[in-house]
Amino acid sequence: MTAVDALTPLADPTADRSAPGDAGVRGRDEDLVARHVWRGRLADVLRRPGLLVALVWAGLVLVAAFAPHVLASGDPLTGVPADKLQGPSGSHWFGTDQLGRDLFTRVVHGTHLTLEAALVAVGVGLVVGSLLGLLAGFVGGVLDDVVMRTVDVLLSIPSLLLSLALITALGFGTINVAVAVGLASVASVARIMRSEVLRVRTSVYVEAAHAGGSRWWSVLFQHVLPNSAGPVVVLAALELGAAILAVSALSFLGYGEPPPAPEWGALVSGGRDYLRTSWWLTTLPGLTIAASVLAAGRISRALDGDRAGAR
Amino acid sequence: MTRYLAVRLAQALGVLWAAYTVSFVVLYALPGDPVSLLYGGDSSDISPEQLAAVRAEYGLDRPLPVQYLTQLGHVLQGDLGTSVVNGRPVTDLVAEAVPPTAQIAALGLVLALVLGGGLAIVATYVRSRALSHTLLSLPPLGVAIPSFWFGLTLVQWFSFTFPVFPAVGNKGFASLVLPAITLALPTGALVAQMLSRSLLGTLHEPWADTARAKGAGRVRVHLRHALRNAALPTLTVTGLVIGGLLSGAVVTETVFSRAGLGRLTATSVGAQDVPVVQGIVLFAATVYVLVNLLVDVLYPLLDPRIVRVRRPRAAAAPTGPAGEPALVGAA
C-alpha cells in the first residue's frame with residue numbers, strides 16, 4: 001500500500017482515499033505504483049518455480065473445466081471398441097479404457113464436474129461459514145456463544161462422516177455431494193472468520209466509523225468484512241484443494257453422478273477392475289487429482305506469504 | 001483436580017448430546033424421511049397407505065419434537081434403533097464392525113506416529129538446508145495424494161507385481177498391512193506437519209539456548225528438551241487424528257473390500273439406511289469426545305502448568321488454535 005496509510009493512524013486500508021481535488025495527479029501515481037507492483041509480482045513468481053508450475057497447472061485445469069474442447073476435441077462418452085485398454089501413447093496420451101474411450105479426453109471433460117463441485121463446496125462453506133463467523137464475532141454475547149458451541153460440536157464429527165450423513169439425507173449427485181462437502185467445512189471457516197472479526201472489531205477505524213454515525217450493517221460490510229477477509233481467502237484456496245480431494249473421494253465411493261459421467265474419483269474407481277493389467281486407468285486420473293490439490297495448496301501458501309509480507 | 005475432571009466430563013456429555021442433536025437435524029429434519037428415501041424414487045408398486053403404515057411403525061408420522069424426544073430417550077437407554085434395510089439393531093451392527101477397523105486404525109496410528117514423528121524429528125535436526133527442505137515438503141505431498149488411489153497403487157505393486165500381501169479380505173496380519181499404510185499416509189502427514197512446526201518453535205525458545213549454553217549436545221537438546229515440549233501441542237490434535245483414521249477407514253475399507261466400520265458406513269449411505277448412519281456418526285463423536293477427555297486428563301500430568309494457571313478455556317478447547325490443520329487432514 002501507499003505511504004499515506006502508514007502515516008495516518010486512523011487509516012482503514014480499504015477506505016476510499018481519493019479526494020475530489022487531486023484526482024488527476026493521484027490517478028497517475030497509482031497507475032505507476034500498480035504497474036510497479038505487478039512487475040514485482042511477476043518477477044517474484046518467476047523466481048519461485050514451484051509456484052509457477054502450480055499457476056500453470058491451475059490455468060490448465062481452468063481451461064479444461066470451462067473450454068474442454070480446446071484440450072481434447074473427442075467425445076468423452078463414446079469409444080472405439082477395437083482400441084480398448086491401450087497404454088499411453090502419442091495418439092492416446094492417457095491410454096484407453098475397457099470400452100476404447102480415450103482416457104485423456106475423459107479426464108479433461110470430467111474436470112468440469114469435479115471442479116464445479118469443488119467450487120460450489122468452497123462457496124457454500126465460505127458464505128455460510130463467513131456469515132456465521134461475522135455475526136458471532138460482531139454481535140457477540142449469546143449469539144456468539146451459541147454459534148461457537150455449535151462449531152465445536154460440528155468439529156467433533158469427522159468432516160467426511162458429516163458429508164456422508166448429509167448425502168444420506170440429500171441423495172446422490174454432483175451438486176448434493178458439493179453441498180455436503182461445503183456444509184461440512186462451515187465450522188472451520190466460521191471459527192477463523194470470527195477470530196479475525198474480533199481482532200478488527202476493536203481497531204480504531206471501526207470505532208471511528210461508529211462514532212461518525214455509520215449504521216451497524218454499513219460498519220460490518222464496509223469496514224469489518226473487507227479487513228477480516230484476508231485469512232479466509234487464504235483458507236479458500238486451501239479449502240479448494242481439500243474440496244477436490246473430498247469430492248473425488250465421495251465420487252470414488254459412488255455417490256456422485258451415475259456411471260458414464262467422467263468425474264475424477266469415478267474414473268479411478270472405474271479403473272479398479274483392470275488394476276492388474278492397465279495401471280494407467282487408475283494412476284493417471286489419481287495423479288491429476290494429486291497435482292490439482294498440490295497446486296491449490298502451493299497457491300494458498302503464496303497468498304498467505306503475500307499477506308504476511310504486506311502486514 | 002477433581003473439579004477439573006468434573007468440568008471436563010460435563011463438557012464431554014454436553015458435546016455428545018449436541019452431536020446427537022446435529023445428527024438428528026441432518027438426518028430427520030431435512031426434507032425426506034428414511035422411509036420415503038428407501039422406497040421413494042421408484043416405488044410405483046407401494047401404495048401411499050403402505051408407506052404410511054411403515055412410517056407409523058418407525059414412529060416417523062409423529063411431529064419432529066416428539067420423535068426427537070422419544071429417540072433421545074431410547075438412545076439414553078442404549079437403543080440406537082434398527083436398520084431399515086435388514087431390521088438388525090444398530091448397536092449390534094456397529095459393535096460387529098468396530099474390531100476389524102480398530103485393528104487397521106491401531107496399526108495405522110502406530111505407523112503414522114513413527115513415520116510422521118520420525119520425519120519431523122529428522123527434518124528439524126539435519127543441518128543441510130536442502131535436505132531439511134526436501135523432507136519438510138513431503139507432508140504436504142502426503143496430504144494431497146488421494147488415499148483411494150494410493151491404496152490401489154499399493155495393491156497393484158505389493159499384491160499383483162510382487163505378491164507379498166493380499167489385495168482384499170480380513171484374514172490374518174498380512175491383510176492388515178496395506179490398509180494400515182493407506183490410513184497412515186494422511187495421518188502421518190498431519191502428525192509430521194504439526195510436530196515439525198512445533199519443534200522449530202521450541203528450538204528457538206530461550207530455555208533451549210540455556211540448555212545449549214550448559215553444554216548439552218545437539219541430540220540431547222533436540223530429543224530431551226525440545227521434543228518433550230513440542231509433543232504437547234501435538235497431543236491436543238489426537239482427537240482429530242483418530243477422527244481422520246475413522247473417516248479414512250470409509251475409503252480404505254472400500255478399496256481393500258474389508259469388513260468394518262468404514263465399509264458399514266459406505267454401504268449404509270449407499271442404501272440410505274438412516275438409523276445406521278446416525279449410529280455411526282454418534283459412535284465417531286463418542287470416540288472423539290472420549291479421546292479428548294483422555295487427553296485432558298493426561299495433560300495436567302504431563303504439563304503441571306495447566307492446572308495451576310487455572311485457565312479453563314485454554315485447555316478446554318483441544319481443537320483450539322490447532323484446529324486449522326484439520327482442513328487438510330480430514331480429507
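Both backbone and side-chain heavy atoms feed into the values below; hydrogens, waters and symmetry mates do not. Note that this is a predicted model, so its numbers are computed, not measured. Below, chains carry the letters A, B, ... as their sequence lines are ordered, and counting in each starts from 1.
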Pairwise distance [atom1]([X]) to [atom2]([Y]) - rounded to 0.5 angstrom:
X      : Y      : atom1 : atom2 : value
B:L16  : A:S156 : CG    : OG    : 7.5 Å
A:F252 : B:T254 : CZ    : OG1   : 7.0 Å
B:I145 : A:L294 : CD1   : CG    : 7.5 Å

Any B:Y288 side-chain heavy atom under 4.5 Å of A:P158 side chain
no
Could you check whether any side-chain heavy atom of B:F148 comes within less than 4.5 Å of a side-chain heavy atom of A:I289, counting everything from C-beta outward?
yes
Heavy-atom cut-off 4.5 Å, strictly under: side chain, backbone, both or neither for [X] against chain B?
X      : value
A:I167 : both
A:L183 : neither
A:I157 : side chain

Answer with side chain, backbone, both or neither: which region of [X] has an atom nearer than 4.5 Å to a non-hydrogen atom of chain A?
X      : value
B:V287 : neither
B:I242 : neither
B:V22  : side chain

Is it the case that the side chain of A:R149 and the backbone of B:V15 share a donor-acceptor pair, with hydrogens and angles ignored and the cut-off at 3.5 Å?
no
Looking at B:V269, is its backbone amide N or carbonyl O close enough to the side chain of A:Y255 to form a donor-acceptor pair, meaning the two atoms are under 3.5 Å apart?
no
Tell me, yes or no, whether the heavy-atom count around B:W17 atom CH2, taken from other residues, nucleotides or ligands under 6.0 Å, exceeds 12.
no
Shortest non-hydrogen contact between [X] and [Y], atoms and distance:
X      : Y      : value
A:A169 : B:L27  : CB-CA, 4.4 Å
A:T282 : B:W149 : O-CD1, 3.3 Å
B:Q272 : A:T168 : NE2-O, 3.2 Å
B:A284 : A:L161 : CB-CD1, 3.3 Å
A:L164 : B:T265 : CD1-CG2, 3.8 Å
A:R272 : B:L152 : CG-CD2, 3.4 Å

Counting heavy-atom pairs closer than 4.5 Å to chain A, which one of B:L246, B:V255, B:L282 comes out on top?
B:V255
Picking from B:P146, B:A266, B:A18, which has the most non-hydrogen pairs under 4.5 angstrom with chain A?
B:P146
Looking only at A:L250, A:L253, A:T283, the option with the highest number of non-hydrogen pairs under 4.5 Å against chain B is A:T283
